[in-house]
Structures are given as structure tokens and as C-alpha cells.
There are 2 protein chains.
Amino acid sequence: MKESSPIQASKAPAIARAAAVLRLLGRSDTPLGLGAIARDVALNPSTCLYVLRALAEEELVAFDAATKRYTLEAGVLTLARGWLRQSAFAELVPASLDRLAPRFGVTMLGVQIVGLDHIIVVAAAQGGQNFQLSAEVGSRFPALISATGRCIAAFGAHDPDEIATRFAALRWDDPPGFARWQAEVEQVRERGYAVDDGNYIAGVTVLAAPVWKGAGAMTQGPGHALVAIGIGSALRRSGLDALGEALLIEARGLTRQMGG
Amino acid sequence: MKESSPIQASKAPAIARAAAVLRLLGRSDTPLGLGAIARDVALNPSTCLYVLRALAEEELVAFDAATKRYTLEAGVLTLARGWLRQSAFAELVPASLDRLAPRFGVTMLGVQIVGLDHIIVVAAAQGGQNFQLSAEVGSRFPALISATGRCIAAFGAHDPDEIATRFAALRWDDPPGFARWQAEVEQVRERGYAVDDGNYIAGVTVLAAPVWKGAGAMTQGPGHALVAIGIGSALRRSGLDALGEALLIEARGLTRQMGG
DNA sequence: CTCTTTCATTCAATATACAGAATACCATTC
DNA sequence: GAATGGTATTCTGTATATTGAATGAAAGAG
């Protein structure tokens with residue numbers, strides 16, 4: 001039997017339900033009622049009510065008794081603080097971002113790589129005052145997209161078939177063919193950093209360099225990456241190579257600081 | 001490390017267990033094994049294992065297969081981002097903090113009031129270069145402590161008995177007597193902002209001013225507060241009143257912007 | 001290398017969380 | 001004021017999540 005039975009396979013389904021509810025509330029722009037929530041996460045209203053009450057008890061969701069609507073509660077911030085506290089990367093990366101962003105006038109991101117599924121923005125710094133290509137902390141992106149994706153493909157020890165499958169599911173503004181993409185990935189292995197020149201978002205150029213986590217963990221692939229984002233025309237004018245090399249230096253410094 | 005609070009009966013106990021595990025992992029400085037986690041949250045190892053697996057499936061917990069240790073995963077950041085997105089206060093307050101912190105050389109906090117239980121730091125700004133500020137976001141404090149506590153007591157429509165009970169449980173460096181504290185709370189009602197002069201932390205003065213949430217929600221008490229923290233001697237020299245009045249003005253501005 | 005200890009994981013019986021129907025609660029509308 | 005529609009909430013039998021013991025897999029000591 002193939003392993004693909006993701007729903008109901010767990011021995012603690014209430015947790016998956018709770019996570020789905022939290023994510024829905026995080027996505028929603030307005031407070032939601034029980035009915036709307038139950039419908040969206042495909043739960044029985046009664047079950048959903050108990051989930052919401054338990055989450056409210058933990059102060060992860062807020063309940064407005066007057067309108068009977070639910071929202072995320074600030075308790076989720078406390079969890080995030082706990083993660084930030086213990087993540088060496090999150091602690092160290094802002095300094096690197098603050099160095100590079102003003103120097104090259106780019107938006108800098110520090111991202112965490114979560115498997116082959118996706119990456120999560122951990123920290124950000126704005127370079128130019130005019131064009132703010134803001135990606136907020138906590139945002140998720142598909143793992144293989146853009147420059148970071150080429151990094152993951154180049155340095156992660158992943159199954160080629162798996163990569164091909166996931167590549168096919170990506171959405172680009174201007175998709176590169178798989179063959180050309182693979183050639184670029186090969187180039188990343190030599191050069192050390194990756195470039196996405198308008199493929200992901202038209203007119204926008206993205207660079208990424210890998211940061212490894214623990215000592216000698218390089219065989220398992222990078223756990224993080226530094227990302228630079230800027231307007232393509234401006235970046236090409238000021239020289240991509242200089243930015244790429246600066247990314248590499250900072251990324252190597254971070255790897256070293258984290259015990260490499 | 002101290003034991004977590006006991007898990008209470010609910011119709012979805014797995015959620016309370018999950019929250020306890022997440023909080024424990026957030027508190028811990030090092031990755032933890034199954035045994036340590038199960039012991040701390042008072043769970044059967046087998047049950048705890050299923051909880052951890054479900055949390056890992058949701059990418060709220062990271063599992064290191066080599067060491068069999070668990071950590072918080074970056075997914076908690078995504079939840080926090082959802083909360084920040086939909087909180088008008090979190091969106092607006094940084095501007096206020098950034099205005100006041102350098103002007104008075106104080107550490108500024110924006111806090112969210114969660115019932116009578118506690119407050120959560122939502123945003124922070126440094127005046128001097130003394131401490132790291134970003135680490136503070138997400139911290140929890142008892143609701144009635146320090147200057148914020150006097151605000152909540154003054155403007156929240158809470159049961160006096162409940163307040164007295166909770167007051168008795170607080171820990172101060174230099175506890176004010178209940179009678180004197182109540183007199184100060186009365187003063188807060190007239191002046192509009194609260195002062196804690198070395199009671200909570202010796203040598204440190206804290207000021208707080210309330211921010212109400214929705215329009216006409218003042219009857220239910222403030223949902224947020226602006227907090228200023230500084231060295232007592234320095235603050236008294238530069239004048240507490242000026243800082244207090246500035247806090248009030250910013251707090252009123254925020255209340256207005258949030259639909260007051 | 002073998003024994004001992006510690007920890008993670010599976011297994012099978014049973015206490016209980018869950019789904020669905022039934023009820024209570026509002027807020028509108030007639 | 002009565003009725004209606006759309007909610008949220010309680011109630012109850014049953015499938016299943018939880019438990020504690022048994023098994024497996026490492027790590028450390030002798």
C-alpha cells in the first residue's frame with residue numbers, strides 16, 4: 001500500500017483539526033463564526049465547537065461572546081517567541097540582512113527550509129525606501145520556486161524523481177523549462193549561489209545562497225538560505241556578481257557561526 | 001525546569017496536551033527527547049509520542065531523526081504572522097513606539113491585554129542601545145503587575161474580589177500594599193496613565209496608558225496599552241509628567257485610529 | 001564483546017471523544 | 001407580536017484515541 005493517506009492516519013486527529021482551524025483563522029481577514037469555520041475545515045459543527053473551545057482555553061484563539069466570532073489570539077505570538085529564542089539562525093541572520101540590504105539597495109530575507117515542501121521567511125530587511133517588495137516574516141513559499149529552489153535542488157540530497165514531480169507543480173510568471181532549470185541548478189553547484197532572473201516574478205531578480213545548520217550536516221542539505229530581491233534592471237546595472245559574492249560571504253559566515 | 005500546569009478535562013484534550021508540549025518546547029533551551037517531554041507535561045510516553053507526531057505532521061514541531069529530539073518548527077511563525085496581519089493594534093503601534101522611544105530614551109512596548117490573566121508584548125522599540133528588543137515580543141506577564149496592571153484595574157470593569165485575589169498572587173521586587181495600590185489605581189483614573197516607580201523591578205520605572213479597541217468598547221475595558229520602561233533615576237530627572245502626557249496622546253491617537 | 005540500562009515504539013483492551021440528531025437561542029421579517 | 005430562518009449548543013450511542021505493559025533498539029559499563 002502506498003503511503004498516501006494523509007487524512008485520518010494520525011492517532012491524535014484533534015491536533016490536525018486544531019492546526020487547520022488556526023491556519024484558517026490566520027488566513028481570514030475577518031472574525032469567523034462557528035458555522036463558517038466548520039464548513040471550511042470540513043468538520044462537524046459540534047466537533048468544531050469543542051476544538052475552538054479548547055483552543056480558546058489555551059488562548060490561541062479569541063472568542064467574542066457578543067458576536068460569537070472567533071479570531072486568532074496573541075498566544076500564538078508567545079509560541080513564535082519560543083521558536084525565535086532557540087533558533088540560532090533567527091538570532092544571527094538579522095545582522096547579515098542589515099549589512100547587505102542598504103549596501104545593495106535590495107530587500108533581504110532569511111528563510112528556513114522545511115523539507116522539500118516549502119520555505120518560511122524568518123527575518124527580513126528593506127534596502128531601498130521606494131520599492132518595498134515586502135515579504136512578511138512567517139510567509140510560506142514552495143520550496144523549489146525561484147532562486148531558493150535552485151539552491152535546494154543543487155545542494156539538498158533529494159530524490160531526482162521527487163524533484164521533477166514537485167517542479168511540475170510550481171507556478172512561475174515565466175516558467176523555465178525543466179532542462180534549462182536543471183542546467184541552472186548545475187551552475188549553482190559551481191558558483192555557490194543561485195539567480196532567478198524574472199522567472200518567478202516578471203521584472204524581479206532574486207538571488208539566494210545556502211546556509212548549513214549544524215557541523216558537518218552538509219550532506220543533508222542546507223537548512224536555511226539568504227535571499228536578495230530587487231528590480232531586475234537596477235540589479236543588472238549595479239552588477240549581479242558583486243551581490244552574489246557578498247551573499248556567499250555572509251552565508252558562509254553564518255554557517256561558521258552556527259557551528260560549521 | 002519546572003513542571004507545566006496540569007491538563008484539565010475538556011472535550012478535546014489532545015489540544016490542551018499539544019499546547020502544553022508546544023509551550024514546553026518554546027521554553028526549553030535545548031531539544032528534548034520523548035521521555036523528558038512526557039514527564040514534564042505529565043503524559044504517557046505513548047500518548048505523548050502520538051501528540052508529537054501529529055504536531056510534526058503540521059510542521060509545528062521539528063523532529064531530528066538522528067538524535068530523536070524534538071524542537072519547535074518554524075510553522076509557529078506562520079501562525080504568528082496570521083495574527084499580526086489581522087490585528088489593527090499590531091499594525092499601528094510600531095509607529096507610536098518608534099516616535100516615543102528615541103524622544104525619551106526609553107524602551108517602549110505595545111501590549112495586548114488577555115483577560116485578567118496576563119498581557120502579551122506585541123511590539124517593542126528601543127530608545128538607548130542597552131538591550132535586545134526583538135526577543136521581548138511574545139513575552140507574557142501577569143495582567144495586574146506593574147503600571148499596566150494599574151491601568152487594567154483602573155479602566156477594566158472587573159470584579160473587585162477577583163482583582164484582590166489576583167493581586168495577592170503577584171510577585172514584586174518591592175510590593176506596594178493593597179490599600180496604597182488601590183489609591184494609585186484611583187489616581188490612574190484621574191490622570192489617565194499609570195506609573196510604577198520601582199515596585200515591579202527595583203530601580204526601574206514603568207509607565208502605561210490604555211488603548212481601547214473597537215468603537216464604544218470602553219465599557220469592557222482597554223484591550224491594549226502603551227508601556228514605557230526606563231531607569232528610574234534618569235526618568236525622574238527628565239520629568240515623568242512629560243513622558244506620561246506623551247504616552248496619553250499617542251494612546252488616544254491609536255484608539256481613534258482603531259475606530260474610536 | 002556481552003551484559004545492563006535507558007529510552008523509544010508497538011500492541012491490545014477499554015474508557016471516552018466524536019458525529020449526528022435534537023434542542024435552544026437569537027435576529028429578522030411579516 | 002408571532003413566525004421564520006439561521007445560528008450555536010447540548011445530548012447520546014458508538015467507533016476510536018488513550019493507556020500501561022510488552023517489545024525493540026540503542027547506549028554505556030564491565
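Labels below follow one simple rule: chain letters A, B, ... track the order of the sequence lines, proteins then strands, and each chain is numbered from 1.
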query: With respect to the side chain of L49(A), which nucleotide from dT10(D), dC18(C), dT9(C) is positioned closest?
result: dT10(D)
Atom pair distance, as rounded to whole Å: NZ in K11(B) and C1' in dT16(C): 9 Å
- prompt: Does the side-chain contact (heavy atoms from CB on, under 4.5 Å) test come out yes or no for L116(B) and H158(B), once each step is laid out?
  reply: CA-CA 8 Å; L116(B) 254 182; H158(B) 296 294; 3.6 Å; yes
message: Between C1' on dA24(C) and CG on L34(A), what's the gap in Å once rounded to a whole number?
response: 15 Å
statement: From the list V188(A), I163(A), I145(A), I119(A), side-chain contact (heavy atoms from CB on, under 4.5 Å) with I152(A) holds only for I119(A)
Which protein N or O atoms sit under 3.5 Å from an N or O of nucleotides 21-29 of chain D?
none

- request: Identify whether the distance between the nearest side-chain nitrogen and carboxylate oxygen of E58(A) and R23(B) falls below 4.0 Å.
  value: yes
- request: Figure out the CZ/C1' separation between R69(B) and dT6(C), and round it to whole Å.
  value: 11 Å
- prompt: Rounded to whole angstroms, how far apart are CD1 on I15(A) and C1' on dC18(C)?
  reply: 15 Å
query: So, H224(A) versus F89(A), ring centres under 6.0 angstrom or not?
result: yes
Check ion pair R53(B)-E57(B) (N to O, under 4.0 angstrom): no
- request: For R53(B), answer base if it contacts any base atom (sugar-phosphate contacts may also be present), sugar-phosphate if it contacts only those atoms, and nothing otherwise; contact means non-hydrogen atoms under 4.0 Å.
  value: sugar-phosphate
field: Toward the 5' end of DNA chain C, by each residue's nearest nucleotide, Y50(B) or A36(B)
entry: A36(B)
- request: Look at the aromatic rings of F141(B) and Y200(B) and report parallel, tilted or perpendicular, splitting at 30° and 60°.
  value: perpendicular
- prompt: If you measure from the Lys or Arg side-chain nitrogens to the Asp or Glu carboxylate oxygens, is any gap between D117(A) and R140(A) under 4.0 Å?
  reply: no
- request: Tell me whether the OP1 or OP2 atom of dT18(D) has a side-chain N or O from N44(B) closer than 4.0 Å.
  value: no
- prompt: What is the distance from CG of L52(A) to C1' of dC18(C), rounded to the nearest Å?
  reply: 15 Å
message: So, OP1 or OP2 of dA17(D): does either fall under 4.0 Å of a side-chain N or O from R17(B)?
response: no
message: Distance check needed: dG20(D) C1' versus L43(B) CG, whole Å only.
response: 14 Å
message: Let's see if you can work this out: which of dC18(C), dT10(D), dT18(D) has an atom nearest to the side-chain heavy atoms of A12(B)?
response: dC18(C)
